[in-house]
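Chain letters run A, B, ... following the sequence lines, proteins first and then strands; every chain starts at 1. Computed from a predicted structure; not experimentally measured.
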Amino acid sequence: MGLVGTRNVFKTTSDFSSMTHWADVIAEDLLKRGDKHRIATGITPSGHIHFGNLREIIIADAVRRAVEEKGGKAEVVYVADTFDPLRRRYPFLPEEFEKYVGMPLSEIPDPEGECHENYAEHFLQPFLESLDVLGIDLVVKRADQMYKSGEYENHIRVALEKRDKIAEILKEVSGREVEKDWSPFNPLCKNCKRINSAKVKGFDDKGAYYSCSCGYEGYASFREGKLTWRVDWVARWDILRITCEPFGKDHAAAGGSYDTGVRIAKEVYGFEPPYPIVYEWIHLKGVGAMKSSKGIVVPVKDLVEALPPEIIKYIIIRTKPERHIEFDPSMILEVFDEFEDAYRRKDRSVQLSIVGDVVYSDVSFRHLVVVGQIANWDLEKALEILSRTYHVDDTVRKDVERRLIYAKRWLEKFAPENLKFEIKKEIDAEFSEEERRFLRTFAEKLEENMSPERIHQLVYEVARELNVKPAKAFQAIYKAILGKNYGPRAGYFIKSLGIEWVKKRFKKV
RNA sequence: GGGCUCGUAGCUCAGCCAGGUAGAGCGACGGGCUUUUAACCCGUCGGUCGCGGGUUCAAAUCCCGUCGAGCCCGCCA
């Protein structure tokens, strides 16, 4: 079977929209070039890694899956730019961090105490844990370790030897002339520990002589410094044998780092640059693009705690990379609806989003939010409630067990207030004579075996009988149970609470 | 100055790559049932496909131009 068989399977499913999914289009393109691929991603851990950053990784993962499903081999590599200098003291950093500006992130202490080995790890670790939850398999490389272990040595030497050629390309492509004493290699100063302040004065085949703005003059081996970004990126492609890389549109601008990278790859190092996937930014509704530097951010960690992984991935995968995403945390419930609907249609974006062997039942997330609150988040209780309206089999049980937790966290973190309720232990409201009469009569007529629909109907019947407005009747019911005058659909709600309990409660008013 | 993306129903978007005279969801409106956790069902309304040219028997779709919106070109994805 192999390739052709696999391909046909997905033809039929994705044909629902009569359009091939972007990840499949890219995968097909890649497979025309070869059947083994390595997809690179890279994020600088200079601050909280956020939802916007995540887009790059999820795109890479989706493409990897598409390539594999079509019979190719692929893996995702994540290079953390841990050797980049701290550009400036960000607003979230303590004042004393001023002194670390210019030093590599891997050489600076954890900004929040001793919890991690260094600055970079502090932001990197939680992100990597989140990726694990998202079911994204990748090879993690840390730039500082790559440099320190000598993986870059040859490429640094070549860059220094061909310094003029690189300068020429930079000028031709970007239109910017580099300074006379420019060098593609930035030594790490032994004295001030900064990686962006030393000028290269000369080099041999093991290292470079430099003079730093701090006054120090010395010699750095090719393991004690890094290449400037535009060259670093290209060297990385070559060292790691990268065939494909998603990157933000900033790098894609004409004369930007991808453009110069293409020429440096071909003319300096002599290899074919990777297949580019340019993607747009994720905007926070009403706020603008997410920027670590501006503090406009939804940290990946928060997201992963409150939303099932497939939903997070779906938000990104259903949208073509080149389109920007308007992310509105308050509207997430609609995304759940859409996802559940797409799940039933076996939508391609859903296939690419699902982690492992997760199977959905017919219980909607919306429903779980209500049931969970009634059951006070107790799984068995929730299942018991559900069993009144669903056939609870193993699939439902397993699904509810997993998603109930998310329903709870989502409710706490993102849900609008009007979806939240709490069953009062004791009646906690004032009632008019009319309301009392209604509740008592209603309680008397309520019978154990009534269906939710029947109960709902009964509200109207009793209200009519007593000449009470239905709206008043419902309000009385919610006041007696929740202490508010609105709540979940009454019939179903009462059934879920247990007829006996409700009868008793209403008689007490 | 250069580049990218977008402009299709009130809103969010699909359709464009491989042209065949417009789709979905939501909303609105009407009804099923005289508000009940964004309840469900049925139905209706709703678009000069930003604008102007060109190619074609045929253009939302291809080409050229133009306007508008957003964004990127200091290593901020």
**Q** For A:Tyr258, enumerate each residue passing the ring pair (Phe, Tyr, Trp, His ring centres under 6.0 Å) test, keeping only those at least two apart in sequence or located in another chain.
**A**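 A:Tyr258 satisfies ring pair (Phe, Tyr, Trp, His ring centres under 6.0 Å) with A:Trp237, A:Phe247 only.
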**Q** For nucleotides B:A24 and B:U66, find the distance between their C1' atoms and express it as a whole number of Å.
**A** 31 Å
**Q** When you compare B:C64 with B:U55, how far apart are their C1' atoms, in angstrom units rounded to a whole number?
**A** 11 Å
**Q** Are OP1 or OP2 of B:C17 and a side-chain N or O of A:Lys320 less than 4.0 angstrom apart?
**A**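 Result: no.
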**Q** Checking salt bridge (Lys or Arg N to Asp or Glu O under 4.0 Å) between A:Glu151 and each of A:Lys226, A:Lys141, A:Arg142, which is the one that passes?
**A**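 The option that passes is A:Lys141.
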**Q** Would you classify A:Gly255 as touching base, sugar-phosphate or nothing, given that sugar-phosphate means primed atoms plus P, OP1 and OP2, and contacts are heavy atoms under 4.0 Å?
**A** nothing
**Q** Looking only at the side chain of A:Asp250 (C-beta and beyond, no hydrogens), which of the listed nucleotides B:G2, B:C13, B:C76 gets closest?
**A** B:C76
**Q** According to the Watson-Crick and G-U wobble definitions, with both distances under 3.5 Å, which nucleotide is paired to B:G43?
**A**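 Check on B:G43: paired to B:C29, both distances under 3.5 Å.
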**Q** Can you tell me how far C1' in B:G53 sits from the matching atom in B:A14, rounded to whole Å?
**A**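 About 28 Å, rounded to a whole number of Å.
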**Q** Within this structure, what is the CD-to-C1' distance between A:Glu280 and B:C72, rounded to whole angstrom?
**A** 8 Å
**Q** From the set B:C71, B:C75, B:U34, return the single nucleotide nearest to any side-chain atom of A:Lys226.
**A**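 For the A:Lys226 side chain, the nearest candidate turns out to be B:C75.
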**Q** Checking contacts here: which listed nucleotide (B:U36, B:G74, B:A77) is nearest the side-chain heavy atoms of A:Tyr478?
**A** B:U36
**Q** Give the rounded distance in Å between these two atoms: NE2 of A:His21 and P of B:G15.
**A**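 Rounded to the whole Å, the gap is 11 Å.
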**Q** Could you say whether A:Pro85 or A:Pro470 is positioned toward the 5' end of RNA chain B, judged by the nucleotide with the nearest heavy atom to each?
**A**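 Nearest nucleotide further toward 5': that of A:Pro470.
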**Q** Which of the following nucleotides, B:A14, B:U36, B:C72, is nearest to the side chain of A:Trp281?
**A** B:C72
**Q** What is the separation between atom CG on A:Asp337 and atom C1' on B:G25, rounded to the nearest whole Å?
**A**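 The distance from CG of A:Asp337 to C1' of B:G25 comes to 10 Å, rounded to the nearest Å.
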**Q** What is the distance, rounded to the nearest whole Å, between atom CZ of A:Phe474 and atom P of B:A38?
**A** 14 Å
**Q** Would you say A:Arg318 reaches B:A14's phosphate, i.e. side-chain N/O to OP1/OP2 under 4.0 Å?
**A** no
**Q** Is a donor on one side and an acceptor on the other found under 3.5 Å between the side chain of A:Tyr343 and the backbone of A:Tyr360?
**A**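 Judged by distance alone, yes, a pair lies under 3.5 Å.
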**Q** Please tell me which of the listed nucleotides, B:U36, B:U34, B:G70, lies nearest to the side chain of A:Lys249?
**A**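 Closest nucleotide to the A:Lys249 side chain: B:G70.
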**Q** Determine which nucleotide pairs with B:C17, using a 3.5 Å limit on both distances of a Watson-Crick or G-U wobble pair.
**A** none
**Q** Would you kindly compare A:Val25 and A:Val370 by the position of their nearest RNA chain B nucleotide and give the one closer to the 5′ end?
**A**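 The 5'-side residue here is A:Val25.
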**Q** Quick one: label A:His251 by what it contacts on the DNA or RNA (base, sugar-phosphate, nothing), any heavy atom closer than 4.0 Å.
**A**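 Sugar-phosphate contact only.
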**Q** Counting only side-chain heavy atoms from C-beta out, which of B:G7, B:A77, B:G2 sits nearest to A:Arg323?
**A** B:G7
**Q** Figure out the CZ/P separation between A:Phe442 and B:U36, and round it to whole Å.
**A** 14 Å
**Q** Is the phosphate of B:C40 approached by A:Arg366 (side-chain N or O, under 4.0 Å from OP1 or OP2)?
**A**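 Checking A:Arg366 against B:C40: no side-chain N or O falls below 4.0 Å of OP1 or OP2.
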**Q** Using a cut-off of 4.0 Å on non-hydrogen atoms, how would the nucleic acid contact of A:Thr44 be classed: base, sugar-phosphate, or nothing?
**A** sugar-phosphate
**Q** Find the distance A:Ile277:CD1 to B:C4:C1' and express it as a whole number of Å.
**A** 16 Å
**Q** Taking the P atom of each, how far is B:G3 from B:C45, in whole Å?
**A** 46 Å
**Q** Quick one: closest heavy-atom pair of A:Ala476 and A:Phe438, and the distance?
**A** CB-CD2, 4.4 Å
**Q** Got a sec, which residues hit side-chain contact (heavy atoms from CB on, under 4.5 Å) with A:Lys148, two or more places apart in sequence or on another chain?
**A** A:Phe83, A:Ser106, A:Glu107, A:Asp144
**Q** Contact class for A:Phe493 (heavy atom, under 4.0 Å): base, sugar-phosphate, or nothing?
**A** nothing
**Q** So which nucleotide from B:C75, B:G2, B:A77 ends up closest to the side chain of A:Asp84?
**A**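 Minimum distance to the A:Asp84 side chain belongs to B:C75.
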**Q** Base, sugar-phosphate or nothing for A:Arg464? Non-hydrogen atoms, less than 4.0 Å.
**A** base
**Q** Do other residues, nucleotides or ligands put more than 12 heavy atoms under 6.0 Å from the NZ atom of A:Lys413?
**A**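 Yes - once you tally the heavy atoms of other residues, nucleotides and ligands closer than 6.0 Å, there are more than 12.
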**Q** Please tell me if A:Tyr258 has a side-chain N or O lying less than 4.0 Å from either OP1 or OP2 of B:G3.
**A** no
**Q** Expressed in whole Å, how much space separates the P atoms belonging to B:U36 and B:G31?
**A** 15 Å
**Q** Roughly, in whole Å, what's the span from CZ in A:Phe127 to P in B:A77?
**A**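 That distance rounds to 11 Å.
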**Q** Taking only the side-chain nitrogens and oxygens of A:Thr228, find out if one of them lies under 4.0 Å from OP1 or OP2 of B:C75.
**A**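 Indeed not, no polar side-chain atom of A:Thr228 lies that close.
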**Q** Sticking with atom C1', work out how far B:A22 lies from B:A58, rounded to a whole angstrom.
**A** 15 Å
**Q** Answer yes or no: are there more than 12 heavy-atom neighbours, outside A:Asn467 itself, under 6.0 Å from its atom CG?
**A**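 Incorrect, the count does not exceed 12.
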**Q** For atom C1', what is the distance between B:U12 and B:U48, given to the nearest Å?
**A**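 Result for the C1' pair: 22 Å, nearest Å.
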**Q** Any chance the side chains of A:Tyr210 and A:Asn186 put a donor and an acceptor closer than 3.5 Å?
**A**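 Their side chains do not contain a donor-acceptor pair, so the 3.5 Å distance test is not met.
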**Q** Let me know the distance between CD of A:Glu461 and P of B:U34, rounded to the nearest Å.
**A** 15 Å
**Q** Should the side chain of A:Gln475 and the base of B:U35 be counted as holding a donor-acceptor pair, with the cut-off at 3.5 Å?
**A** yes
**Q** I'd like the C1' distance from B:C16 over to B:U35, given in whole Å.
**A** 45 Å
**Q** Would you mind telling me which of B:C75, B:G3, B:A77 lies closest to the side-chain atoms of A:Tyr279?
**A** B:A77
